[in-house]
Each structure stands twice: as structure tokens, then as C-alpha cells.
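Treat the numbers as computed from the prediction; the structure is a model and nothing was measured. All heavy atoms count here, side chains included; hydrogens, waters and symmetry mates do not. Just so you know, ligand 1 is whichever comes first in the structure, and atom 1 is the first atom listed for that ligand.
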Amino acid sequence: MLVNNQNYRTIWMQDSSIYMINQQLLPHKFEIYQSKNHLQTAEAIKSMIVRGAPAIGAAGAYGLAQAALLYEGQDYEDFKKYVDAAYNALNSTRPTANDLNYALNFVKSKTFVPDSITNSKMRAFEAADEYANWSIEMCRQIGEHGNKLIKNNQNILTHCNAGALACVDFGTALSPIRIAHYNKKNIFVYVDETRPRNQGSSLTAWELANEKISHAIIADNAAGFFMKQGKIDFVIVGADRIAMNGDVANKIGTYEKAVLANENNIPFYVAAPLSTFDSKCRSGSEIPIEERSEDEVLFMHGKDEEGNIKKFRISPQESPAKNPAFDVTPAKYITGIITEKGIIKPIKEEIERFVRNKNQQPL
Ligand code: MRU
């Protein structure tokens, strides 16, 4: 992605450190966070320094490689136990995104070379890097397929941040938008602010501004207004986990956008790599939904007039809050799922066919 006219990935690894764009500070400050061990990486995922399903997957992959690389002992069985414990620590950071578990399984399946800690360490790093590179290519392909849906002069609504920041690069929902823009199509993006953490107004808007793609941030409750006025031609969102019947878990508020799109006869697309499909999950009701701290609802972050980034309370001292981070959009509201292999209808038979045939995938 372009930042100040320079190309960046969201996350990368050098020696045994993992570097990531610190998404807690955007859009006010562009800073790279350095994680020096897998526990710091797990904490970075939990605290959302790095977030978004494919980016969490890459962080998990690199985190496991980091644990392997930093193991200091000489005993192979002990090394295996250490890497297994790191797998569990990373896997338990955020429950909804399927890509995390998928990426961890990929790296783990490639790591162990019997009786050679040195070779196992090398394999772990190579597998994590392969995973991250593969993820970029999947997102680019999603962009190419999704771009075919976008016509000149169209207005697109997106929710949360499913951009390059949510992946290693390109994005999922933002990838077709990026590619349409690179192809000189004139498009306009309505960006839902996405309370409570405002990934739309702080991250998606930041990415679009960097790429000079026309957009406007709208309050979360304004989407229906613009849809009814005929201002939105279609909706594209990302996904954290897709069940085999086509139900999709994504950022809280996605479900109501899908219902509104349906009411207004507006196509509603989900963009996600096949790694987001959970072959063990039959329907949306089986998807674990993360409940995050009530502080995310009760407080906001912003920059004051002196330029200091601050957290401030926006609600009564006595009021508690509830904060489910994701919701599930039933398949019946989804027009199509844009994957690296093409656009899939959200129906069981078609999903099963695609997921069974993901032979290009690392897993
Ligand atoms: O809580 P977040 O910010 O990690 O949630 C992110 C989303 O819901 C994204 O839409 C999803 O992960 C798809 S990212 C390409």
C-alpha cells in the first residue's frame, strides 16, 4: 500500500522481530511497532495494533516462526512443546477470524523436521513468509475478480476496514476498489465510520486518502438514508469467518447494512480469500463472536487541538456497555462472495465445491 508515496506491507519479519504498522495510532500517527517475541506478537493481535482477518493470520504465522527461532534449548521434544505452547497462546488471541487458525496450522504443519531444531527453525520462517506472500497474491486476485463488477461512475459503500491494513497488502473489500481506481474508473466510496473502534473513519478513510480515491465518511446510521436516495450502487464488505451455508461473520453492523441493501435492491458483496471459509462450521450460529471491552463503547480516541492523541469518556460514569465485535449476516442477504477463484454464490453446494478444490492454497 502507498504511504507518503512509499510502498508498505502491513506486517513483515526481519531476523526474529516482526514489524507492523501500528493501527492503534492511525490516522493521527504513522508508526511501525516492533514485536521482539511471540508473546508481544500475541498481545499486539489482542490489543489490535494489528487487526483484520488476513493480517491477524499473517501475524499468527510470523509469531509462530518467531517462537521457533527464539527457542534457546537443544532438546527436540522440548522445542516441540515450546512451539505448541506458542501456537496455543497465538490461537487464543481473537476467536472470530478463521484466518488465524488457518495460518497457524499451515506454519505448524511445515515446521517440524525430525530431530533437527536448526532445520525446523528455518522451515518455520520460510512457511510464515510463504503464507504472507501467498496472502498478498490472494488479495490481488480478489481485486481482479471484484473489479469486473465495478462500472465507471459507481458509488460503493463499505463497512469497517477490509483494506491493505486488514491484510498483508491490497485488502479484500478494498482490493476491487483499488484495482478499479488503478484502471482509471471514476468511483466514489461511502465509508461507514464503524463504531465503536471506527475502523472505517480512521483506517479505511486513511487508506483511500493515501491512494487519492474519492470518498466520504458517513455516520453508521446514515447508510439507509443514502441507499434510499439511490446514491449507493452496491456494497462490498470483508469477512472474518464464512460458514459452509454462506452465512458471514464480519464487523458488527454488517448485518444491518445487508438488510438495508436488500430492502433497497442494492447488490451486497462479501470479499474474502478461501482461507476465511471454515469447513467445520455448518452455519453462522456456530461462529464464535468476540465480546470486547466495554471501554471501546464508553470512550473514544482522538487528537486534541495541541496534537496529543487522547482517550476520552463519552457516556455517563454509571452506564455500562455491551460490545460484541462481530455479527452474522445470513446468506440470503448476500449477492455473491468474491474470492481469489472467482465469485461464489452463498450456497452450500457451491461453497463446498470451491473449498474442496482450494489446491492452490498453502493448506
Ligand atoms: O475487529 P477487526 O478490526 O479485526 O475487524 C475487522 C473486520 O471485521 C474486517 O472486515 C474483516 O476482518 C475482514 S478484513 C479483510
Atom indices of ligand 1, in the order listed, that fall short of 4.0 Å to a heavy atom of Ala162: 14 (S), 15 (C)
Numbered atoms and elements of ligand 1 in range of Cys167, under 4.0 angstrom, heavy atoms: 15 (C)
Per-atom contacts of ligand 1 with Gln199, taking only distances under 4.0 Å to non-hydrogen atoms: 1 (O), 2 (P), 3 (O)
Closest approach of any protein heavy atom to atom 9 (C) of ligand 1, naming residue and atom: Asn250 OD1, 3.4 Å
N/O donor-acceptor pair under 3.5 Å between Asn323 side chain and Ser293 backbone: yes
Gly52-ligand 1 polar pair, N/O distance under 3.5 Å: yes
Test log, rule side chain to side chain donor-acceptor pair (under 3.5 Å), inputs Asn105 and Asn101: CA-CA 6 Å; Asn105 286 342; Asn101 184 256; 3.1 Å; yes
Closest approach of any protein heavy atom to atom 5 (O) of ligand 1, naming residue and atom: Lys251 CE, 3.3 Å
Arg51, Arg241, Glu290: member with heavy atom nearest to atom 6 (C) of ligand 1: Arg51
Tyr190-Phe226 aromatic ring centre distance below 6.0 Å: yes
Those residues that, when tested against Glu137, pass side chain to side chain donor-acceptor pair (under 3.5 Å) (two or more places apart): Arg140, Gln141
Side-chain ion pair, Asp220 and Arg195, N-O less than 4.0 Å: no
Within reach of ligand 1, part of Pro54 (heavy-atom separation under 4.0 Å): side chain
Ligand 1 atoms in contact with Cys160 (distance to a heavy atom under 4.0 Å): 6 (C), 7 (C), 8 (O)
Thr96 heavy atom under 4.0 Å from ligand 1: no
salt_bridge(Lys251, Asp192) N-O dist < 4.0 Å: no
Shortest protein contact, atom 12 (O) of ligand 1 (heavy atom only): Ala53 N, 2.9 Å
Side chain, backbone, both or neither: the part of Met48 lying under 4.0 Å from ligand 1 by heavy atom: side chain
Under-4.0 Å heavy-atom contact with ligand 1, by part of His159 that carries it: neither
Electrostatic pair Lys151:Asp233 at N-O distance under 4.0 angstrom: no
Identity and distance of the protein heavy atom lying nearest atom 15 (C) of ligand 1: Thr172 OG1, 2.9 Å
Ligand 1-proximal atoms of Thr254, by part, heavy-atom distance under 4.0 Å: neither
Identity and distance of the protein heavy atom lying nearest atom 7 (C) of ligand 1: Asp240 OD1, 3.3 Å
Protein heavy-atom partner closest to atom 4 (O) of ligand 1 - residue, atom, separation in Å: Arg94 NH1, 2.8 Å
Parallel, tilted or perpendicular, as decided by the 30° and 60° cut-offs, for the rings of Tyr76 and Phe112: perpendicular
Aromatic ring proximity, centroids under 6.0 angstrom, Tyr82 and Tyr71: yes
Identity and distance of the protein heavy atom lying nearest atom 14 (S) of ligand 1: Ala166 CB, 3.5 Å
Lys322 and Glu294 ion-paired at < 4.0 Å: no
Under-4.0 Å salt bridge between Glu290 and Arg292: yes
